Amino acid sequence: MEKQRFLLEAKTRDRSTYLGGSDVAAILGLSKYKSALDVYNAKLLPSEKDEDKFIFRAGRHNESFILDEYCAEFNIVDNRRDCNAYLIDYPYIGCQIDLYSREQDDRIRLADAKMVAITRLNQFGEAGTSDVPADILCQIALQRFVTDAYRVDVPCMFYPQEIRTFTYYENEELETAIFDSLQAFWKNHILKASPPSAINFEDFKKLYPIDNGLTIDVDYNAVKLIEEIKIYKNAESEARKLKEEKEIELKKIFGANQSLKYGGNIIATLRTVERKAFSVKESSSRVLRLM
């Protein structure tokens, strides 16, 4: 696939207008920290910005030191920092870049500084390789794709121990999958204002915070799910996990509806329950009941 030209800009565009490196792993279902629905909500219902949170402010504070150490180690003098790259033909795809430099042969070299908790050290491989966690790999793969850089270095400060640098080179299969996924997500969800499916309980609560009071007819698959949930209801460990998976499947069938009916009979409800304190409404949640 032919690479597209990009614009390098000093100022970050409104994050709701494009998909960036921190969104990729979530869209691909590889993130431990957020889901595709979280990305969707951040674009269409922006509220608190990640960059305003303490952990991100702390990371930015330490970035300068990490990059200074990196430049000294690799003798990089001419570079731009804190810039942004966006595809011209696909302006809804872009990335933030910590360090951008050009080698003497005009090849582009990037660096993405990370401050990493020492507890995550075992998630990284040998320095010099691209053996990094999936969320970081997706981020730097997009950076390389957008800019057509020949390499992306990831200097990681494993506080308070040391700085190790990992290096990523072009992986066409991975980058094509990322590009295709971002295009599809933007067109099928963002432009159509159509949220992606829930993949966990948190997603379900965001999609359907209250019921609509309606009853819908369902097929026998819902009956099977209910019977399986009953079997797992009092189980522990793995069985409880299976029960939760079945429950989220059943809740997807509910959607915003209050009850399910099969053969003329109500077989399950998912009602909104108001929680009150001192006669003042505090919050609401939806409670599953199997008949």
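In this text the structure is predicted, and so the values were computed from the model without any measurement.
- Evaluation of the side chain to side chain donor-acceptor pair (under 3.5 Å) rule for K205 yields E202 as partners, not counting sequence neighbours.
- Ring centroid separation for the pair F158 and F124 comes in under the 6.0 Å cut-off.
- Taking Y100 as the reference, nothing meets the ring-ring contact (aromatic ring centres under 6.0 Å, His included) condition, with sequence neighbours excluded.
- You'll find the ring centres of Y90 and Y18 outside the 6.0 Å limit.
- The line from OG of S194 to CG of L44 is 10.0 Å long, rounded to the nearest 0.5 Å.
- None of Q96, R15, Q139 except one satisfies the side-chain hydrogen bond (donor to acceptor under 3.5 Å, both in side chains) rule with S22; the exception is R15.
- By the 4.5 Å heavy-atom criterion applied to side chains, P195 and L207 are counted as neighbours.
- Under 4.0 Å is where a charged nitrogen must lie from a carboxylate oxygen, and between E247 and K243 at least one such pair does.
- Taking the ring centroids of F6 and Y86, they lie at or beyond the 6.0 Å cut-off.
- Considering every non-hydrogen atom in both R144 and A149, the closest pair reads NH1-O, 2.7 Å.
- Judged by distance alone, the side chains of Y150 and E103 do bring a donor and an acceptor atom under 3.5 Å apart.
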Given side chain to side chain contact (heavy atoms under 4.5 Å, CB included), test S31 with V24 step by step and report yes or no.
CA-CA 8 Å; S31 175; V24 178; over 6 Å; no

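- Closest heavy-atom contact between G125 and T129: C-OG1, 4.4 Å.
- The hydrophobic cluster of L214 has no other members, since no ILVMFWY side-chain heavy atom comes under 4.5 Å of it.
- Between K187 and L191, the shortest heavy-atom distance links the atoms O-CB, 3.8 Å.
- The minimum heavy-atom distance linking L30 with C138 is given by the pair CD1-SG, 4.0 Å.
- Between F254 and Y208, the gap from one ring centroid to the other reaches at least 6.0 Å.
- Considering only heavy atoms from C-beta on, R109 stays 4.5 Å or farther from R102 through its side chain.
- Residues V154 and T167 fail the side-chain proximity criterion, which asks for heavy atoms closer than 4.5 Å.
- Under the 3.5 Å distance criterion, with hydrogens and angles disregarded, no donor-acceptor pair is assigned to the side chains of D153 and T165.
- Separating the SG atom in C156 from the CD1 atom in I136 is a distance of 5.5 Å, to the nearest 0.5 Å.
- Annotation: the span from L182 atom CG to F145 atom CZ amounts to 9.0 Å, rounded to 0.5 Å.
- The stretch residues 250-261 participates, sequence neighbours left out, in these side-chain hydrogen bond (donor to acceptor under 3.5 Å, both in side chains) pairs: D211-Q258, N212-N257, T215-S259, Q258-R271.
- N84 contributes atom CG, which lies 7.0 Å from atom CD of E9 (distance to the nearest 0.5 angstrom).
- Pairing each heavy atom of I163 with each of F65, the nearest pair is CD1-CE2, 4.2 Å.
- Taking 4.5 Å as the limit, some side-chain heavy atom of E170 sits within range of a side-chain heavy atom of E175.
- With sequence neighbours excluded, no residue forms a side chain to side chain donor-acceptor pair (under 3.5 Å) with E245.
- The salt bridge (charged side-chain N to carboxylate O under 4.0 Å, His left out) check on D105 picks up R107, with sequence neighbours excluded.
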Pair I267, V218 - check side chain to side chain contact (heavy atoms under 4.5 Å, CB included), show working.
CA-CA 10 Å; I267 58 174; V218 295; 3.9 Å; yes

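- Interatomic distance, CG of L250 versus CG of L225, reported as 5.5 Å (0.5 Å rounding).
- The distance from the OG1 atom of T17 to the CD1 atom of I190 is 11.0 Å, given to the nearest 0.5 Å.
- Comment: R80 does not engage D98 in a salt bridge, judged by the lack of any side-chain N to carboxylate O separation of less than 4.0 angstrom.
- More than 12 heavy-atom neighbours from other residues, nucleotides or ligands sit within 6.0 angstrom of CG on N122.
- When all heavy atoms are compared, the tightest approach of S181 to I27 is O-CG2, 4.2 Å.
- Under 4.0 Å is where a charged nitrogen must lie from a carboxylate oxygen, and between E228 and K230 no such pair does.
- In this structure, D38 pairs ionically with K206, as a charged nitrogen and a carboxylate oxygen lie closer than 4.0 Å.
- Side-chain contact between F185 and V39: present, with at least one pair of heavy atoms (C-beta onward) separated by less than 4.5 Å.
- Between D23 and K43 there is a salt bridge, with a side-chain nitrogen of the basic residue lying less than 4.0 Å from a carboxylate oxygen of the acidic one.
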